[in-house]
Amino acid sequence: MERQRLVEWLTETRRVLAFCGAGVSAESGIPTFRGSGGLWEGHDLEQVATREGFAADPALVWRFYAARMRRLPDVRPNPAHLVLAEMERAYPACLTVTQNVDDLHERAGSRALVKMHGSLLQTRCTGCGSVRAVVPGELNPDAALPRCDCGALLRPNVVWFGEWLDPSHLRRIDRFLRDATRAERPVLLVLGTSGAVSGGYGMLERSIAHGFRVVEVNPEETLLTGLADLSLREPVGALLGEVWPAVRDRLQSRDEQS
Ligand code: OAD
């Protein structure tokens, strides 16, 4: 029943916004953040994901992120990433906004992508602010902490707790929402996020104000569930992998008729 509604809405729409969290990469084998007593892979969030934590013990923070960076080549995009990349080609307007710092959306082929929390594959200089790609030598922080040419310490280019989001990202999302028209029957997909960080940044409320239908896909009920028009309690990779071929076929026959 819910699946059928999802297929209908995805067939009718011409504008899709996907708001993704850690659950989207769960079926690729990357653990989610919450649900382990406030610990993040055995660490206190304050220690490894704040400026204060980095100032207190940069080696600990670097060891933590370097371990996650080193694991990326061992994981693969799952059907959720692949379907989102296909959606980008299937709809006139499609944007993926992810809180994930892994590179699985990019590897699946997503280009219209906002990485709200930054990227594990980049560093940023704590002195001059320059951003660049991680190089393999930086993945062994026990030998030496990564430094910029200007001499200052490099840090992972991810957003930590208490830090601001990039305003250009927020502007891009706002533009996408503002451009929506009723005739497009716009849809917001809320995929694998708990909404625990800033209530999902008000993404659902703002989308609803712009006329989007809201679909949540998450095996668990979340803080955001009450705002969704439709909730599917299923793993997102399995669900999208099964539902998308029917949607794609219908979209193709619609295009052929028009
Ligand atoms: P969370 O770990 O808070 O939530 C993950 C969500 O994914 C939960 O609601 C799970 O029920 C759901 N989930 C698990 N497996 C799933 C699956 N196969 N399919 C669909 N859903 C599944 O992660 P986020 O909401 O992403 O921030 O958390 C947001 C931010 O909190 C992260 O980006 C990070 C973290 O602290 C920073 O690093 C700043």
Side-chain angles (χ1 to χ4, degrees), residues 2-3 6 18-54 61-62 64-65 67-69 75-84 96-105 108 113-122 124 155-166 169-170 188-204 214-228 230-244:
E2 278 91 5
R3 279 186 171 211
L6 176 62
F19 178 48
C20 303
V24 168
S25 293
E27 286 154 85
S28 294
I30 299 181
T32 59
F33 296 92
R34 292 183 176 76
S36 49
L39 291 183
W40 191 1
E41 294 183 22
H43 292 277
D44 184 340
L45 283 179
E46 302 287 317
Q47 280 181 311
V48 294
T50 61
R51 278 184 196 207
E52 294 73 20
F54 187 67
V61 175
W62 259 114
F64 175 76
Y65 282 97
R68 305 182 75 218
M69 292 168 185
V75 293
R76 296 275 168 275
N78 69 57
H81 301 102
L82 297 168
V83 167
L84 289 171
T96 297
V97 174
T98 189
Q99 300 164 85
N100 299 343
V101 294
D102 62 54
D103 62 344
L104 295 178
H105 289 292
L113 180 66
V114 173
K115 293 183 71 80
M116 266 191 145
H117 289 168
S119 168
L120 268 182
L121 294 184
Q122 292 175 335
R124 188 165 83 238
R155 57 167 276 183
N157 189 29
V158 299
V159 176
W160 284 330
F161 291 96
E163 294 189 315
W164 296 101
L165 298 178
D166 182 336
H169 289 166
L170 300 177
L188 170 70
L189 299 174
V190 183
L191 309 176
T193 180
S194 65
V197 175
S198 307
Y201 300 108
M203 195 78 75
L204 282 81
V214 177
V215 180
E216 180 184 60
V217 183
N218 195 313
E220 311 267 328
E221 194 171 315
T222 72
L223 297 167
L224 308 174
T225 300
L227 289 168
L230 180 61
S231 290
L232 293 103
R233 297 268 156 267
E234 301 187 50
V236 64
L239 173 77
L240 289 183
E242 285 168 33
V243 161
W244 179 245

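Since this is a predicted model, take the numbers as computed values, not measurements. Side-chain atoms are counted along with the backbone in the values below, which use heavy atoms only and exclude waters and symmetry mates. All residue numbers in this chain count up from 1 along the given sequence. Start at 1 and go down the list; that is how both ligands and their atoms are numbered.
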**Student:** Is it true that Asn157 and Ser119 share a donor-acceptor pair across their side chains at a distance under 3.5 Å?
**Tutor:**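 No, no side-chain donor-acceptor pair sits under 3.5 Å.
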**Student:** Please identify each residue that fulfils side-chain hydrogen bond (donor to acceptor under 3.5 Å, both in side chains) with Thr96, with sequence neighbours left out.
**Tutor:**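 Partners of Thr96 by the side-chain hydrogen bond (donor to acceptor under 3.5 Å, both in side chains) criterion come out as none, since no residue qualifies.
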**Student:** Is the closest N or O pair between Ala26 and ligand 1 shorter than 3.5 Å?
**Tutor:**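 No; the residue has no nitrogen or oxygen that sits under 3.5 Å from a nitrogen or oxygen of the ligand.
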**Student:** Is any side-chain heavy atom of Leu232 closer than 4.5 Å to a side-chain heavy atom of Val243?
**Tutor:**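 Side chain of Leu232 against side chain of Val243, heavy atoms only: no contact under 4.5 Å found.
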**Student:** Tell me, please: is Ala196 in heavy-atom contact with ligand 1, that is, under 4.0 Å?
**Tutor:**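 Checking ligand 1 against Ala196, which is what was asked, there is no heavy-atom contact under 4.0 Å.
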**Student:** Can an N or O of Asn100 be found at a distance shorter than 3.5 Å from an N or O of ligand 1?
**Tutor:**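 It does not: no N or O of Asn100 is found under 3.5 Å from an N or O of ligand 1.
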**Student:** To the nearest 0.5 Å, how far apart are CD in Glu216 and CD in Glu2?
**Tutor:**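 That separation rounds to 12.0 Å.
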**Student:** Using the salt bridge (charged side-chain N to carboxylate O under 4.0 Å, His left out) rule, take Glu27 and Arg76 through it: C-alpha gap first, then chi angles, then the decisive distance, then the call.
**Tutor:** CA-CA 9 Å; Glu27 286 154 85; Arg76 296 275 168 275; over 6 Å; no
**Student:** Which is closest to atom 25 (O) of ligand 1 in terms of heavy atoms, Thr193, Thr225, Val48?
**Tutor:**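 Shortest heavy-atom distance from atom 25 (O) of ligand 1: Thr193.
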**Student:** Side chain, backbone, both or neither: which applies to His117 and ligand 1 if a contact is any heavy-atom pair less than 4.0 Å apart?
**Tutor:**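 For His117, the contact with ligand 1 is made by the side chain alone.
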**Student:** For Gly21, counting its heavy atoms only, list the atoms of ligand 1 lying under 4.0 Å from any of them.
**Tutor:**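 Every atom of ligand 1 under 4.0 Å from some heavy atom of Gly21: 26 (O).
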**Student:** Is Glu234 close to ligand 1, meaning an N/O of one under 3.5 Å from an N/O of the other?
**Tutor:**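 Such a contact does not occur with ligand 1.
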**Student:** Could you tell me whether some N/O pair between Ser194 and ligand 1 is separated by less than 3.5 angstrom?
**Tutor:**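 Yes; the residue has a nitrogen or oxygen that sits under 3.5 Å from a nitrogen or oxygen of the ligand.
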**Student:** Between Val217 and ligand 1, is there a nitrogen or oxygen pair with a distance under 3.5 Å?
**Tutor:**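 Min N/O separation from ligand 1 is not below 3.5 Å for Val217.
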**Student:** Check side-chain hydrogen bond (donor to acceptor under 3.5 Å, both in side chains) between Glu234 and all other residues, then give those that pass, not counting sequence neighbours.
**Tutor:**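 Checked Glu234 against side-chain hydrogen bond (donor to acceptor under 3.5 Å, both in side chains); matches are Arg3.
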